[in-house]
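Here it is, the structure, as structure tokens.
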Amino acid sequence: MGLQINTIITLSNNEKYIVLNEVVFLSKKYFRVIKMDEKKVIETNDIVIFLEELDGLDIYVRKIEDKKLLDQLTKLL
């Protein structure tokens, strides 16, 4: 099923993010997320874009670092 807007995801390093919105670009699903602290308070300075990667029933995310891709996705999100 994959990630959904307004859900909280926890990474393997225990960082928490809330999903703000999503876009499909070049047949891949990207999410704009914002980091939350351990008390689930939003840290507004830490907004990132993740790529969703599915492996069977497992969902993985990868932070987008490529500047050109980030610029394109920012316009869409």
Exercise for the section: Supply the members, apart from Leu69, of the Ile/Leu/Val/Met/Phe/Trp/Tyr cluster built from side-chain contacts under 4.5 Å; use none for a lone residue. Expected result: Val23, Phe25, Leu26, Tyr30, Ile49, Leu51, Ile64, Leu70, Leu73, Leu76, Leu77
Handout entry: Any donor-acceptor pair under 3.5 Å from Glu52 side chain to Leu3 backbone
Key = yes
Practice task
Return the set of residues passing side-chain contact (heavy atoms from CB on, under 4.5 Å) with Lys67 (not counting sequence neighbours), or none when no residue passes.
Solution key: Asp71
Completion exercise
Contacts satisfying ring pair (Phe, Tyr, Trp, His ring centres under 6.0 Å) that involve residues 43-77 (not counting sequence neighbours) are Tyr17-Phe50
Problem - salt bridge (Lys or Arg N to Asp or Glu O under 4.0 Å) contacts in which one or both residues fall within residues 4-16, not counting sequence neighbours - result: Glu15-Lys35
Exercise for the section: Tell me who clusters with Met36, hydrophobic residues only, linked when side chains sit under 4.5 Å apart either directly or through other members. Expected result: Ile8, Ile18, Leu20, Ile34, Ile42, Ile47
Practice task
Compare all side-chain heavy atoms of Asn6 with those of Val19 and state whether any distance is below 4.5 angstrom.
Solution key: no
Exercise for the section: Tell me, please, which residues at least two apart from Glu53 pass side chain to side chain donor-acceptor pair (under 3.5 Å). Expected result: Arg62
